Amino acid sequence: MAKATMHFPPDFRWGTATAALQVEGNNENSDWWPWEQQPGAILHGQRSGRACDWWANAEADLDRAAEMGTNAHRLSLEWSRIEPEPSVFDRAALDRYREILQGMIARGIEPMVTLHHFSNPLWLVEKGDFSTGLVVDYFRRYTARVVAHLGDLVPRWVTINEPMVYMFMRYVAGTFPAPRRKGLLSGLEALRNMMRCHAAAYHTIKEQYPQAEVGIAKNIALLKPPPDGGRVQRAWAKRMSWIFNDMWMQSMVTGRLRLPAGRGRIPHLAGSFDFFGLNYYTRFYLRFPRLAPETDWGDDAVVSDGNYGEVYPAGLFEAIQAANSYGKPIYITENGVPDAADRLRPGFLITHLREVWRAISFCFPVMGYYHWSLVDNFEWDRGWTQRFGLIALDPETQQRTLRASGRLYGEICHSASVSSDMAARYAPQVLPVLFPG
Ligand code: BGC
């Protein structure tokens, strides 16, 4: 009998999350495919290749997700599969997505579907993708086709994943496939077009399915001044945090662009979200006048594989508080840790879910938690070097092994709770912190 148990609401969504390019395999019409072949683009020259083989057999992992007791999954659609050439829609690809979604529902797993998650059709890049206003009509047309084919199966949509991260990686850092024009100014122009795309998709979905919920997946990165920082550092971190975390959301509320993204109104943008999809991973220290965060978290910090970030559960509560200020239901659409040896993940799950439980106890409307990720997958520019899965994958042999954290998540999902007994068995180091006495 556990000494203490944190119970979650009976209708809570216990989920996992993936993105098309990272799991499907052989997305040859995506801009990532040629990009991955360029020397130096991906760590150690790795490729997405067959990825997790989901295009052929997502069902095998969906079986594992169902066994784990999850009742929700967030996945994305690969635009380049659905529309491999401009205005040529591939019916077989749409049918395959339909089959995957039906497979989820048959297993008791509610789908959440993302329309754009970091990858573009090659033809769209040639036309200038988000750097040109043309993209808005293309995105509307793609959305309309997808919704006509799949809309009856999807209660909840995410239009665009992490627009600020996407803009930064692609236009500023250059670690994602290059756009036709790089640089901060082009990036800001792209942001404006992404907002227009979001608004177009929101209303396109609502026209066909007024009861569907539509939102965005917004990464909240806790940007803080370095511990030794004074007034200038605090002001810089605050400003950058506003730009990265708040600017986009405030535009979605008011329908107006805010500087530095520009000025003016974006038609039909105001109020165009039904929930806040929150992606949270870590906190960063920013040192004036740099845009890129420090890569040193200090001696006491617990840092995950590949120096990806600090394990900082309290930040999830802070991020939920920030999301709550928008007054909409909140879904944790991503949260996870790269940890091949699974030495951190069990404790990570327990301590982060404790913050979710605390938020729910404060009556913040957190409706679900989608762990990133179900199975190790292709981690963008970092290739296969970072392993986020509850299930370990050998991409060569496609062999899978359930990690201890996967067993723990299974117990959590099946019981809709986190207990001191689970902590004692899976992550005893967190016991004194979470369940003192
Ligand atoms: C992205 C995922 C990615 C994860 C871990 C998020 O920013 O949405 O695609 O795999 O972070 O790095």
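Reckoned from all heavy atoms, side chains included, excluding hydrogens, waters and symmetry mates. Atoms within a ligand are numbered from 1 in the order they appear, just like the ligands themselves. What you are looking at is a predicted structure, and each value in this text was computed from that prediction instead of being measured.
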*Do Arg258 and Trp242 come within less than 4.5 Å of each other through their side chains, counting heavy atoms only?*
yes

*Side-chain heavy atoms of Tyr285 within contact of Pro225, under 4.5 Å*: no

Could you list which atoms of ligand 1 come closer than 4.0 Å to a heavy atom of [X]?
X      : result
Tyr308 : 5 (C), 11 (O), 12 (O)
Glu379 : 3 (C), 4 (C), 5 (C), 10 (O), 12 (O)
His117 : 1 (C), 2 (C), 8 (O), 9 (O)
Glu162 : 1 (C), 6 (C), 7 (O), 8 (O)

_Option nearest atom 1 (C) of ligand 1 (shortest heavy-atom distance, choices Glu334, Arg382, Gln386)_ = Glu334

*For atom 4 (C) of ligand 1, closest protein heavy-atom neighbour*: Tyr281 OH, 3.3 Å

*Report yes or no: does Gln208 contribute a side-chain atom to a donor-acceptor pair with the main-chain N or O of Ile205 at less than 3.5 Å?*
no

*Without hydrogens or angle criteria, can the side chains of Thr114 and Asn161 be said to hold a donor-acceptor pair below 3.5 Å?*
no

*Could you verify whether a donor N or O on one side chain and an acceptor N or O on the other, from Thr159 and His198, lie under 3.5 Å apart?*
yes

_Within the structure, is a non-hydrogen atom of Asn161 found at a distance of less than 4.0 Å from ligand 1?_
yes

_Within-cut-off N or O pair, Asn377 and ligand 1, under 3.5 Å_ = no

*Check side chain to side chain contact (heavy atoms under 4.5 Å, CB included) between Ser80 and all other residues, then give those that pass, not counting sequence neighbours.*
Asn29, Ser30, Glu78, Pro121

